[in-house]
Amino acid sequence: MTRITVAKGDGIGPEIMDATLAIILSAGAKLEIDEIEVGEKVYLAGNTSGIASESWETIRRNKIFLKAPITTPQGGGYKSLNVTTRKFLGLYSNVRPCMSLHPFVSTKHPIMDIVIVRENEEDLYAGIEHQQTDEVVQCLKLISRPGCEKIVRYAFEYAKQQNRKKVTCFTKDNIMKQTDGLFHQVFDEIAKEYPDIKNEHWIIDIGAAKMADTPEIFDVIVMPNLYGDVLSDVAAQITGSVGLAGSANIGEECAMFEAIHGSAPRISGQNVANPSGLLQGAIMMLNHIGQTEIAEKVQNAWLKTLEDGNHTYDIFKEGASKQKLGTKEFAKAVILNLGQKPSNLKPVSYSNNSALNLPKYKRKPAAKKVLVGVDVFVHWNGSNPDELAQKVKKIESMEIKLSMITNRGIKVWPDGFQETFCTDHWRCRFKPNDGIEVSKEDIITLLQKAIDENIDSIKTENLYSFDGKAGYSLGQGQ
Ligand code: NAD
């Protein structure tokens, strides 16, 4: 018996949760259920997080959370409960299987069986944003070694457990050499530990295009958060319907399972919604908690129901489908098929699909870190970089000299192009005169001089080398 937390959510949430629970309990799932209230009612009662603190206690105690979609009210500063839950509970891995059910669900890609493993906690989703000048805002893209190691190892361990043949990594490390570069580097390091699984890396733009065009060449795909967010929806959609996909959010302690679609308020309360996405989430949950046989029984009954042509309205097709069923009737049809297997679609056979037991991240020994310069960002309304260089050179000292100015990353001084469009946000790079090292005191002196010279410095980034390797990018064109 496993005690789980269930939230029925908003819109179609209660209907699809009731249908899902009816199916898995009829199949013999051994569950004790604690129900909590999350979402719209909680938000509108004045709690901007959408969840009460007692509910967090229930989720943390039970560790397994089956969640129906919720409605995040527009405006009013309400925080997305999904993002909060993933981060609070350390659910670093988002797993989305995307499989075609041709010919029972129309798709341009009859042969498609992809699993997207998306990093779930960092990248641009850290949500650290600042406006720095009249014209420029920034969002910090944070990528960590532990974050990369955990998600990449998860992808390989998942592939190994599920007997999958290949793990592909998507990044844009030709442009983001530090952040995406680290993700790619860690992928290459960890791939070596799995010689029986093929591995490859694609630049995300062509990788995404290939995935949308010939998904059959991919198997497991691992990627940083933002790319994974976008591409997992694309992958689910091209199987024929986003309404059929479930997702697992896995952490070291806790896990949350859900459908990938939202609360579909327009069709709520009408007994028409397709419960399949949430059911797929629930099947992943049953596997995760070791109730593998039940998971297999439910999946095969669901596949049989679909191939028999018993469809909800969203996938119903005149001629191809047999009956258009409501939410409750679809659940009943799946329940009647429990114990049966599909004959056209491939039946599933889960052997050991329980929660993966990954080693805890071990911190590496610290590298030799040397301060080798500083980027001072300046708010300046002029347009001629040579003029700015003259101004900024006044704050140079014996120890540090201006080496470069960029605007939105492109070098504009020395030897800039007059065609380059410049905003009011300038990066002035200072390097040590001796070419070796600067001190933090040198930087403070520099900033004090900037105040004296009326230069509006808006932030600094220290430039470090780690074990002799530059930990910062060059200016474009440098
Ligand atoms: P949606 O996924 O709710 O709906 C998109 C379209 O798909 C609609 O036409 C809808 O009718 C249809 N659809 C979705 N699920 C279906 C199902 N099970 N059966 C049949 N048809 C289905 O996306 P949206 O309209 O952009 O968002 C509605 C609300 O859901 C918003 O408040 C949004 O914030 C929320 N949302 C929640 C989650 C979540 O809780 N995980 C995810 C996405 C969106």
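Whatever order the structure lists them in is the order used to number ligands and atoms, beginning at 1. Just so we're clear, the structure is a prediction, and the values are computed from it rather than from any experiment. Every heavy atom of this structure was used, including side-chain atoms; hydrogens, water molecules and symmetry mates were not.
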- Query: If you count the non-hydrogen atoms of other residues, nucleotides and ligands that lie under 6.0 Å from NZ in K63, is the total more than 12?
  - Reply: yes
Any protein heavy atom under 4.0 Å from [atom]?
| atom | answer |
| --- | --- |
| atom 1 (P) of ligand 1 | yes |
| atom 5 (C) of ligand 1 | no |
| atom 34 (O) of ligand 1 | yes |
| atom 27 (O) of ligand 1 | no |

With heavy-atom distances below 4.0 Å as the criterion, list the atoms of ligand 1 near [X].
| X | answer |
| --- | --- |
| P69 | 39 (C), 40 (O) |
| T71 | 32 (O) |
| E258 | 41 (N) |
| A273 | 19 (N) |
| K67 | 40 (O), 41 (N) |
| N82 | 38 (C), 39 (C), 40 (O), 41 (N) |

- Is E200 salt-bridged to K198, cutoff N-O under 4.0 Å? no
- Could a heavy atom of Q74 be found less than 4.0 Å from some atom of ligand 1? no
- Task: Report yes or no: does I16 have a heavy atom closer than 4.0 Å to ligand 1?
- Result: no
- Query: Is it true that F156 and F187 have ring centroids separated by less than 6.0 Å?
  - Reply: yes
- Query: How about F170 and Y227: are their ring centroids closer than 6.0 Å?
  - Reply: no
To the nearest 0.5 Å, what is the distance between [atom1] on [X] and [atom2] on [Y]?
| X | Y | atom1 | atom2 | value |
| --- | --- | --- | --- | --- |
| T85 | M256 | OG1 | CE | 5.0 Å |
| L244 | Q237 | CG | CD | 10.0 Å |
| H425 | D134 | NE2 | CG | 11.5 Å |
| K41 | Y43 | NZ | OH | 14.5 Å |
| H130 | L140 | NE2 | CG | 6.5 Å |
| E329 | N310 | CD | CG | 11.0 Å |

- Query: Taking non-hydrogen atoms only, is I70 closer than 4.0 angstrom to ligand 1 via side chain, backbone, both or neither?
  - Reply: both
- Using a 4.0 Å heavy-atom cut-off, say whether I12 meets ligand 1 through its side chain, its backbone, both or neither.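 The side chain, only.
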- Query: Would one find an N or O of P265, backbone or side chain, under 3.5 Å from an N or O of ligand 1?
  - Reply: no
- How far is atom 3 (O) of ligand 1 from its nearest protein heavy atom, and which residue and atom is that?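 I find the closest protein heavy atom is A264 N, 2.8 Å.
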- Item | Of the listed options V38, I260, I267, N274, closest to atom 22 (C) of ligand 1 (non-hydrogen atoms) |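 Of the listed residues, I267 has the closest heavy atom.
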